Every structure is written in C-alpha cells, then in structure tokens.
Amino acid sequence: MPPTGSLIPVDAPFSAAQESWLAGFIAGIAAAGRRAEAAGDAPAATIDVLFGTQTGNAEFVADELAAGTRARGLGARTAALDAVTPEQLATMSHVLVVVSTYGEGELPDNAGLFWEALQSDTAPRLEGLRYAVLGLGDRGYDDFCQAAKLIDTRLEQLGAGRVHERVDCDVDFEEPAAAWAGAVLDRLVAETGATGAPAASTPAATPARVRSPWNKRTPYPSRLTVNRLLSSPHSAKEIRHYEFDLGDSGITYEAGDALAVVPLNDDALVGTLLDHLGASGDAETAQLLRTEREIRTPSKELIADLVERAPSSELAAVVAHGDRSDLDSWLWGRDVLDLLQDAGSAAPDLAELLPLLRPLQARQYSIASSPLAHGDRIHLTIASVRYGTGQRTYEGVASTYLADRIGEDASVGIYVQPNASFGVPADDDAPMIMIGPGTGIAPFRGFLHERAAKGAAGRNWLFFGDQHRDTDFVYEDELTELRQRGVLTELDLAFSRDQAEKIYVQTRMRERSRELYGWLEDGAHVYVCGDASRMAKDVETALLGVIGEQRGRGDDDAAEYLADLRRAKRYVRDVY
C-alpha cells in the first residue's frame, strides 16, 4: 500500500451509463409495481439474492436485481453472504450471487466467513440448488473477479446447477451486467413457471438510498474552499485537510461514505511523456493524456506489450522469473514513462501506446466529516504522495492535484460513493471502538462529530497513531476538545518513532486488553480504517489475542467470537 492515507479501493465505481441503466431499471420496477396492484398473482418462487461487497456497490446492484426479480412475478430476498450458512444455502432453490473482489483476489469482509464454510469438507451437497454469479472487479488487477470465480466453481463442485454462466464485469460494467441480469431473469421465469408479471404480494422495494445524479461522467464541479496542512512542515509526511463546497448540488452523504475526486494528470508529466514520444506539439493528445488516460500506473496490457516488444529489457527479465511479488516490487513507484524508457527503441509510438493506457479513474477517499455537523461541505484527510529516485520526482495523481494545482476560482469534479456497511451504530447508546492510525483517522473524525451532533450517549474509544507526536498528531486540537466534552471517552495514542521500541495501535490494544474486552461484552462496535496489507492484519491479530486472553478458551473460540462480531456487523473495516 502506498502511504497515502484515506484513499480506498472500492467496488467498481458507477459511470454515467451505469447510473442511467440503474435509473431505467428502477423506473421499470416502479411501473411494474403499479401494475401489480391489479395482478393479484402470488410469486411462483422465491429467489435469494446474496451479495459480497467491501464498500456497497455490489449490495446496491443486488437490491436492484431483487427488485427486478419481483417485477417478473417472483419473490426475492437479499442478504450478505456472511449472513448465510451452507446449511441454509442447501434449503434454497435459486440463488443469485453478486460479489466484488477486494485487494489481491480476496473475498470482501462480509463474504469471508461464507467462503470459509463453503470450502470446508463438511459443506453440504447442493444438488437441489440453481444459481448464477455476477462478479464486479477491475481488470487492472491480476486476480480479476477472483471472488466470483471461487464461489462459482465451489457451488458447481458441491453439485449446484447454473441458471446462467458467470459474467465478470470490469469497471465499466453496465452492458455485461444488464445482459446477464436480463438473461438470468428470463431463465428464472421459464424454470419456475412465473407469469412474468409482478406479484402483488411482493411489491417492488425502493432502495434505502437513491443515488445522486452526480457520478464519474458527470461529477459535481465543487469549489475547494479549504486546503490546510495538518502535519508539521518538519514531518516526513504531508497530510492535508480539504473542504469541498456542496453548493446547490443536492448532494447528501452519511458519515462513513467515500468521496470520489476526479483528478487531472500533471501537465509537466504529460509534457515529458510527449517529449519522449516525439509528439510535444500535439495539443489534442496532450489534453487527452491530461484528462482521460492513466499515465502513472502502467496497465497489464502495456506491460505485456512491452515484454513482447523488448524481450531483453529489465521488465522482461523480471516477468520471465514468474514471481509476482518480484514484479510488484519492480513496478512499485514506476510509471508509464519509466517503462517506455526501459524498452528503449522497441517501445511503441504514440498511436500504439494510447490503446494500451487505461481510462483515468476517480480516486476515492474516506469522508472525514458528518452531514449533521458540516452539512454544506464534505471534508477529506489526504496524505500527499511525493517521492524521488534521484533522477525523477514522482507525485500522486489526485493528492498533488488537490494540494498544488487547484486555482482559486477552479472547481474539482466530485461525487459521493455510499458505503452502506461502514457507519456509526444505529443505536446511539452502543459503544464504538475506532482504530485508525495515520489518515485512517478520517472516517472516525466524521463519526465523532456525528455522535456529538446527535447527542448520542454511547461511549467512544479511539486508537490513533503515527510516527511522531510533535509533527504527526493531526486534529490534535479537535480530539482534545472532544475529549474534554466527553464525546471521546477514551483516546489511546501510539507514536511509533518517539522511542527506541516501536509502538503501534495494536500495542496499545494489548496493553488495555481487559478494558477492550469489557467494551466488546458491553456491545461495542469495532471499526478499523487504514492499510490492509499490514496494519489491518496486525490489528486483527491483536484483537484475536485480546479476546483469547480474556476468555481463556483457546484460539478457535476467539476466532468464532470475532466471526460472531462480523456477522452482527459489529466488526467492520474500511481498508485499502
């Protein structure tokens, strides 16, 4: 993970075409619901629509799919995959699975327990089950839609029969997803003997949150009203606080959601790349590279092309080793220009290069504010990415776009990415334990302001840390004030480099093992935000250790206790 802070990967972001497709889907369902009043038909069968999502997109698609199922005269139920056991699965007749892939081919947090149980030797046979799987992913990753592939294959191994072949959708998934949904629903109607007309007993459900018209293709042009350095000028990091004016956009959000920022590539990098390609005078291409193509992160297609063109290059030698971790290490920090230079004279020209560059993607960040406390603005906490090799200086696409290149009267394209699974407890009296080092504090700042604005009585405990207290204690004044007001009940700090022995948030968790377990027993919700590759894993290990130590019943008991917290949505993560 690059040390950028609250930038998070999410299920594939919705494009304008996707929003249009979903809007049409909803409109059709609404019309079907109106016709249902006169139909009076009972559903021919009940279809279970199960979803696995890290940030909410797969859940939204599952809700729409269930509504479309009802509009065809069938009953429908939706549930997270972790809410279903293999034994329950064996009692179902038809199951539709919508699942995203998280990280490097991993199941989302609300699908991991389901997968563990499904692949066990004790999983029941499923000969009576008919199913279909839709995967959401990003073809830029090696394990594209791996979660969907795993579930699809395992259901087949257990004897279930496919209603339709699996479809794996890339970031722009509207056409394949719509085709898959239509074909699946047609087959379900045929298999179950449904009338194809909506059933009055299963009226179309309205999504809990209606999506905003602002999206990737039509982002809201927001004015950046605040750009403030949070970390000390003497810090090894550059952490900034941003505020975006929502104006008359009608944008609404909830604490825990993410904000997508549509960046522009650095003009200087675009110019250097065009100079290398001998096309420095091409203004049209310069604009294309500035606004529409990823030139920082090389695509898989470009890597494969360069290996074929330049078999004696350094890149080709690394690829030839066949070690993925070695390739990841070699690629880390390198951009498209680096790879073209490595290929030398064998590199593609401009016309050959452009089709090998992926579309420039919006960057998504955990929102650091509460709509109750900051309703007309959205706040972000972002670490600017800057590093150098001695020959070149590199900068993060969106983080330095915001930090350096937004003029006083310029606007920034934004849109909200809802995160249905990551928010303050519905019960205002429930305790919260928040673990967020570095810019992982972002959503928890929003949570604390949310609870303060609501007057919630629930206790709040924050574990925060970074390198040095003097330079990296972001939002210190705010946290101190919230502590004095009693909103922040407990604050445990871990500044790793202020002493000889490294101290991290998980260190503090272990030190307060008894109290931490007591909060869990009192019904606390646990939230983790930050680095998925190291911090989140270390925090989970520490949490299991705390539970095991306090219960004294062994590792299996601790693991099951934590699994119960997951199932109850009392242990959730926003990790990247």
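Since this is a predicted model, take the numbers as computed values, not measurements.
Judged by distance alone, the side chain of Ser369 and the main-chain N or O of His379 form a donor-acceptor pair under 3.5 Å. For the pair Asp138 (side chain) and Val171 (backbone), a donor-acceptor distance under 3.5 Å is absent. No donor-acceptor distance shorter than 3.5 angstrom exists from the side chain of Ser235 to the backbone of Ser231, with no hydrogens or angles considered. Formation of a donor-acceptor pair under 3.5 Å by the Gln506 side chain with backbone atoms of Thr541 is not found in this model. Panel note: side chain Ser399, backbone Val385; a donor-acceptor pair is recorded below 3.5 Å. Judged by distance alone, with hydrogens and angles left aside, the side-chain atoms of Arg469 form no donor-acceptor pair with the main-chain N or O of Asp498 at under 3.5 Å. Proximity of a side-chain donor or acceptor of Asp428 to a complementary backbone N or O of Arg451 within less than 3.5 Å is not detected. Side chain of Asn227 to backbone of Ala403: a donor-acceptor contact under 3.5 angstrom is found.
A salt bridge does not link Asp472 with Lys237: none of the charged nitrogens is closer than 4.0 Å to a carboxylate oxygen. The pair Arg551-Asp557 counts as a salt bridge, with a side-chain nitrogen and a carboxylate oxygen less than 4.0 angstrom apart. With respect to Glu549 and Arg510, no salt bridge is recorded, no charged nitrogen being found less than 4.0 Å from a carboxylate O. Looking at Glu540 and Lys537, no side-chain N of the basic residue comes within less than 4.0 Å of a carboxylate O on the acidic one, giving no salt bridge. Ionic pairing of Glu238 and Arg240 is present here: one or more N-O contacts between side-chain nitrogen and carboxylate oxygen are shorter than 4.0 angstrom. Between Asp82 and Arg567 no salt bridge is recorded (no basic side-chain N to carboxylate O distance below 4.0 Å). Between Asp522 and Arg459 there is a salt bridge, since a side-chain N of the basic residue sits under 4.0 Å from a carboxylate O of the acidic one. Between Glu450 and Arg445 there is no salt bridge, since no side-chain N of the basic residue sits under 4.0 Å from a carboxylate O of the acidic one. Looking at Asp404 and Arg386, a side-chain N of the basic residue comes within less than 4.0 Å of a carboxylate O on the acidic one, giving a salt bridge. Between Arg534 and Asp531, no side-chain nitrogen of the basic residue sits less than 4.0 Å from a carboxylate oxygen of the acidic one, so the salt-bridge criterion is not met.
To the nearest 0.5 Å, atoms CG (Leu516) and CD (Glu521) are separated by 11.5 Å. With values rounded to the nearest 0.5 angstrom, Ile406 atom CD1 is found 6.5 Å from Leu224 atom CG. Atom CE of Met434 sits about 4.0 Å away from atom CG of Leu448, to the nearest 0.5 Å. Taking OG1 of Thr101 as the reference point, atom CG of Leu107 lies at 7.5 Å (rounded to 0.5 Å). Atoms CZ and SG, from Arg139 and Cys169 in turn, are 9.5 Å apart once rounded to the nearest 0.5 Å. Between the OH atom of Tyr475 and the OG1 atom of Thr439 there is a distance of 9.5 Å, given to the nearest 0.5 Å.
Put simply, the side chain of Asp574 reaches to within 4.5 Å of the side chain of Ser366, judged on heavy atoms. Using a 4.5 Å cut-off on side-chain heavy atoms (C-beta onward), Val97 and Val95 make contact. Here the side chains of Val99 and Leu50 are not in contact, with every heavy-atom distance at 4.5 Å or above. Put simply, the side chain of Pro431 does not reach to within 4.5 Å of the side chain of His525, judged on heavy atoms. Using a 4.5 Å heavy-atom threshold, the side chains of Gln88 and Thr85 count as touching. The closest side-chain heavy-atom distance from Arg508 to Leu493 is not below 4.5 Å.
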Show your reasoning for whether salt bridge (charged side-chain N to carboxylate O under 4.0 Å, His left out) applies to Asp335 and Arg296. CA-CA 5 Å; Asp335 60 15; Arg296 281 291 180 194; 3.3 Å; yes
Hey, mind stepping through Arg377 and Val226 against side-chain contact (heavy atoms from CB on, under 4.5 Å) and telling me if it holds? CA-CA 10 Å; Arg377 293 186 179 185; Val226 175; 3.7 Å; yes
Please evaluate residues Gln364 and Leu259 with respect to the criterion side-chain contact (heavy atoms from CB on, under 4.5 Å), reporting the C-alpha separation (whole Å), side-chain torsions for both, the decisive distance (0.1 Å), and the verdict. CA-CA 5 Å; Gln364 301 191 19; Leu259 185 72; over 6 Å; no
Using side chain to side chain donor-acceptor pair (under 3.5 Å), reason through Thr381 and Tyr365 one step at a time and then give a plain yes or no. CA-CA 8 Å; Thr381 311; Tyr365 299 90; over 6 Å; no
Start with the C-alpha distance between Tyr253 and Ile378, add both sets of side-chain angles, then the distance that settles side-chain contact (heavy atoms from CB on, under 4.5 Å), and finish with yes or no. CA-CA 9 Å; Tyr253 71 98; Ile378 289 181; 3.5 Å; yes
Is there a salt bridge (charged side-chain N to carboxylate O under 4.0 Å, His left out) between Arg223 and Asp245 once you walk through the steps? CA-CA 5 Å; Arg223 187 168 59 92; Asp245 184 8; 3.7 Å; yes
Please step through side-chain contact (heavy atoms from CB on, under 4.5 Å) for the pair Phe463 and Ile433, ending with a clear verdict. CA-CA 8 Å; Phe463 289 87; Ile433 299 169; 4.0 Å; yes
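For Tyr561 and Tyr517, the ring centers sit closer than 6.0 Å to each other. The aromatic ring centres of Trp214 and Tyr220 sit less than 6.0 Å apart. Annotation: Phe473 is in aromatic contact with Phe495 [ring centroid separation under 6.0 Å].
Scanning all heavy atoms of the two residues, the minimum distance from Cys529 to Gly440 falls at CB-O, 3.3 Å. The minimum heavy-atom distance linking Lys454 with Leu372 is given by the pair CG-CD1, 3.2 Å. Taking each heavy atom of Gln361 and Pro263 in turn, the nearest pair found is O-CD, 3.7 Å. The heavy-atom pair separating Asp143 from Gly105 by the smallest distance is CB-CA, 3.4 Å. Nearest heavy atom pair, residue Val84 against residue Leu89, reads CG1-N, 4.1 Å. The two residues Thr225 and Phe244 make their nearest non-hydrogen contact at OG1-N, 4.4 Å.
For the pair Arg154 and Trp115, the cation-pi test (distance below 6.0 Å, angle within 45°) is failed.
Sparse packing is recorded around CG of Asp555, with 12 or fewer heavy atoms of other residues, nucleotides or ligands lying under 6.0 Å away. Other residues, nucleotides and ligands contribute only 12 or fewer heavy atoms inside 6.0 Å of the CG atom of Asp556. In this structure, Arg324 places its CZ atom where more than 12 heavy-atom neighbours from other residues, nucleotides or ligands lie under 6.0 Å away.
For the residue pair Tyr387 and Thr393, no side-chain donor N or O sits within less than 3.5 Å of a side-chain acceptor on the partner. For the residue pair Glu395/Tyr401, the side-chain donor-acceptor check at 3.5 Å is not satisfied. A donor atom on one side chain and an acceptor atom on the other are found under 3.5 Å apart for Glu478 and His449. Ser421 and Glu59 form no side-chain donor-acceptor contact under 3.5 Å, judged by distance and modelled atom types alone. Side-chain contact check for Asp477 and Thr480: no donor-acceptor pair (N or O, by modelled atom type) lies under 3.5 Å.
For residues 527-546, the pairs satisfying ring-ring contact (aromatic ring centres under 6.0 Å, His included) are Phe422-Tyr527, Phe447-Tyr527, with sequence neighbours left out.
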